[in-house]
Amino acid sequence: MKTTTRARWIVVAIVVAALALLGALTGSGDDEPVAAPSTMTVSATTVSATATPTPALSTTVASTQPAPTATPPSTPAPTTSPAPTTTVAPAAGPVATTRWILGGIAIKGRAPKTGYERSEFGPAWTDDVAVAGGHNGCDTRNDILRRDLTVTSTKPGTRDCVVLTGVLHDPYTGTRIDFTRGRRTSSAVQIDHVVALNDAWQKGAQQIGEVRRRMLANDPLNLLAVDGPANNQKGAGDAATWLPSNKAFRCRYVALQTHVKARYHLWMTSAERDAIVRILSGCSDAQVGAIG
């Protein structure tokens, strides 16, 4: 009986010891319980699904702030030099403009007359030219007679082209000439080349080609209806060797020569240029008048 009781107590003691050991192994020893891993995962998922993303800082600034003002460079940009005054015509009257054009004309000596023929400038008074009055169905001589004469009458059936009569107030002599077309009378009024063709030939016209020479010979800028004897006296003279006896016309005369030579890239001699400079020095804008 005693043996049985002792055995029971031994069994009880073993059970109590075993329970104590088991408690030591399963207890954490901390006051705070440890959250289960599954709970943490659920929380993280919930936050990521419901949170509103914050816009990036650079995007917010770009959409709400005005663009920064550009800062000027510390070194100023280089100043552009003005174009040379010789490339721009002056805003001035006829005298100043003519002087400016004169300054751009080359000064050289005369070339030889070798090879000069009137035919080098095309058929006389041809209408086949690309200048004012060209291809209008009327020859150049009659174009100028209609322009420069007053009280004109024209031949019937010529579309008012051929001038039969008129009055010329001659610019070279300052006299009045009554013009009547006819074999013996027409020469009283001649059409003068302000820059004589022979003079032009010796001062660059040899190089400008036949087409340009034809234009020079028929350009109204280079043509005047004048007194026949005065035109014969002039011949191929330039401003240094011949001037109109009508001094009131000299200003316009040398201005016309200057403009023609510039238009057709002809040169002058130094004596010719000096004569033109001298005359222009005493001219008014009214005496030169509009040229073009």
Side-chain angles (χ1 to χ4, degrees), residues 98 101-102 104-135 138-145 147-148 170-173 183 186-245 249-250 252-277 279 291:
T98 300
I101 291 173
L102 181 62
I105 294 176
I107 304 301
K108 300 180 183 180
R110 285 180 178 270
K113 294 182 182 180
T114 307
Y116 171 75
E117 297 288 344
R118 174 60 178 84
S119 59
E120 291 290 342
F121 293 82
W125 312 130
T126 178
D127 186 41
D128 186 20
V129 283
V131 296
H135 302 108
C138 188
D139 65 89
T140 305
R141 173 178 167 81
N142 279 292
D143 282 340
I144 302 305
L145 288 174
R147 184 195 69 183
D148 292 352
D170 177 41
Y172 285 179
T173 63
R183 183 173 298 179
S186 290
S187 61
V189 174
Q190 298 180 12
I191 308 302
D192 179 43
H193 291 97
V194 178
V195 173
L197 300 186
N198 200 333
D199 179 65
W201 180 259
Q202 297 175 72
K203 297 174 182 175
Q206 297 182 46
Q207 287 80 47
I208 64 176
E210 192 273 338
V211 172
R212 292 284 289 173
R213 288 196 295 269
R214 216 170 352 118
M215 293 170 63
L216 169 63
N218 293 276
D219 190 339
L221 182 67
N222 191 35
L223 298 172
L224 288 173
V226 299
D227 173 69
N231 187 43
N232 293 333
Q233 183 188 47
K234 171 188 172 180
D238 59 22
T241 60
W242 186 89
L243 291 170
S245 61
F249 189 72
R250 289 181 179 180
R252 184 163 180 83
Y253 177 75
V254 298
L256 285 170
Q257 286 198 328
T258 300
H259 283 255
V260 169
K261 290 206 167 182
R263 176 176 290 186
Y264 289 93
H265 304 288
L266 308 177
W267 67 75
M268 294 181 177
T269 65
S270 58
E272 178 184 4
R273 192 269 313 273
D274 292 347
I276 293 175
V277 169
I279 294 168
I291 297 177

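Bear in mind that the values here come from a model prediction, so they are computed numbers and not experimental data.
Partners of Ala255 by side-chain contact (heavy atoms from CB on, under 4.5 Å), not counting sequence neighbours, listed by chain and number: Thr98, Val288, Ile291. Take His259 and apply the ring-ring contact (aromatic ring centres under 6.0 Å, His included) test, not counting sequence neighbours, and it matches no residue. Checked against side-chain hydrogen bond (donor to acceptor under 3.5 Å, both in side chains), Thr241 has the following partners two or more places apart in sequence or in another chain: Asp238. Evaluation of the ring-ring contact (aromatic ring centres under 6.0 Å, His included) rule for Tyr172 yields Trp242, Tyr253 as partners, not counting sequence neighbours. In this view, Asp148 satisfies the salt bridge (charged side-chain N to carboxylate O under 4.0 Å, His left out) rule with no residue, not counting sequence neighbours. With sequence neighbours excluded, the residues forming a salt bridge (charged side-chain N to carboxylate O under 4.0 Å, His left out) with Asp143 are Arg146, listed by chain and number. Listed by chain and number, the residues in a salt bridge (charged side-chain N to carboxylate O under 4.0 Å, His left out) with Arg141 amount to none (sequence neighbours excluded). Shown here are the salt bridge (charged side-chain N to carboxylate O under 4.0 Å, His left out) partners of Arg263, two or more places apart in sequence or in another chain: Asp219. The side-chain contact (heavy atoms from CB on, under 4.5 Å) search around Ala271 returns Ala240, Thr269, not counting sequence neighbours. Not counting sequence neighbours, the partners of Thr173 by the side-chain contact (heavy atoms from CB on, under 4.5 Å) test are Asp170, Thr175, Asp227, Ala230, Ser245. Partners of Trp267 by ring-ring contact (aromatic ring centres under 6.0 Å, His included), not counting sequence neighbours: none found.
The backbone N or O of Trp201 sits less than 3.5 Å from a side-chain atom of Gln206, completing a donor-acceptor pair. In this structure a side-chain-to-backbone donor-acceptor pair under 3.5 Å is present from Arg250 to Pro244. Side-chain atoms of Lys234 come within 3.5 Å of backbone atoms of His193 as a donor-acceptor pair (strictly under, hydrogens ignored). Checked by atom type and distance alone, the side chain of Asn222 pairs as donor or acceptor with a backbone atom of Val195 at under 3.5 Å.
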### Audit row: His135, Asp127, side chain to side chain donor-acceptor pair (under 3.5 Å) steps and yes/no
CA-CA 5 Å; His135 302 108; Asp127 186 41; over 6 Å; no
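Listed here is the closest heavy atom pair of Arg214 and Pro123: CD-CD, 4.2 Å. Between Ala262 and Ile101, the closest heavy-atom pair is CB-CG2, 3.4 Å.
Here the CD1 atom belonging to Ile144 is positioned 8.0 Å from the CG atom belonging to Leu224, to the nearest 0.5 angstrom. Here Asp274 contributes atom CG and Met268 contributes atom CE; the two are 11.0 Å apart, rounded to the nearest 0.5 Å.
Applying the salt bridge (Lys or Arg N to Asp or Glu O under 4.0 Å) definition to pairs two or more places apart or across chains, those involving residues 112-122 are Glu120-Arg213.
Residues Leu243 and Val254 are in side-chain contact: their nearest non-hydrogen atoms beyond the backbone lie under 4.5 Å apart. Looking at heavy atoms from C-beta onward, Leu145 lies in side-chain contact with Ile191 at the 4.5 angstrom threshold. Residues Leu223 and Trp125 are in side-chain contact: their nearest non-hydrogen atoms beyond the backbone lie under 4.5 Å apart.
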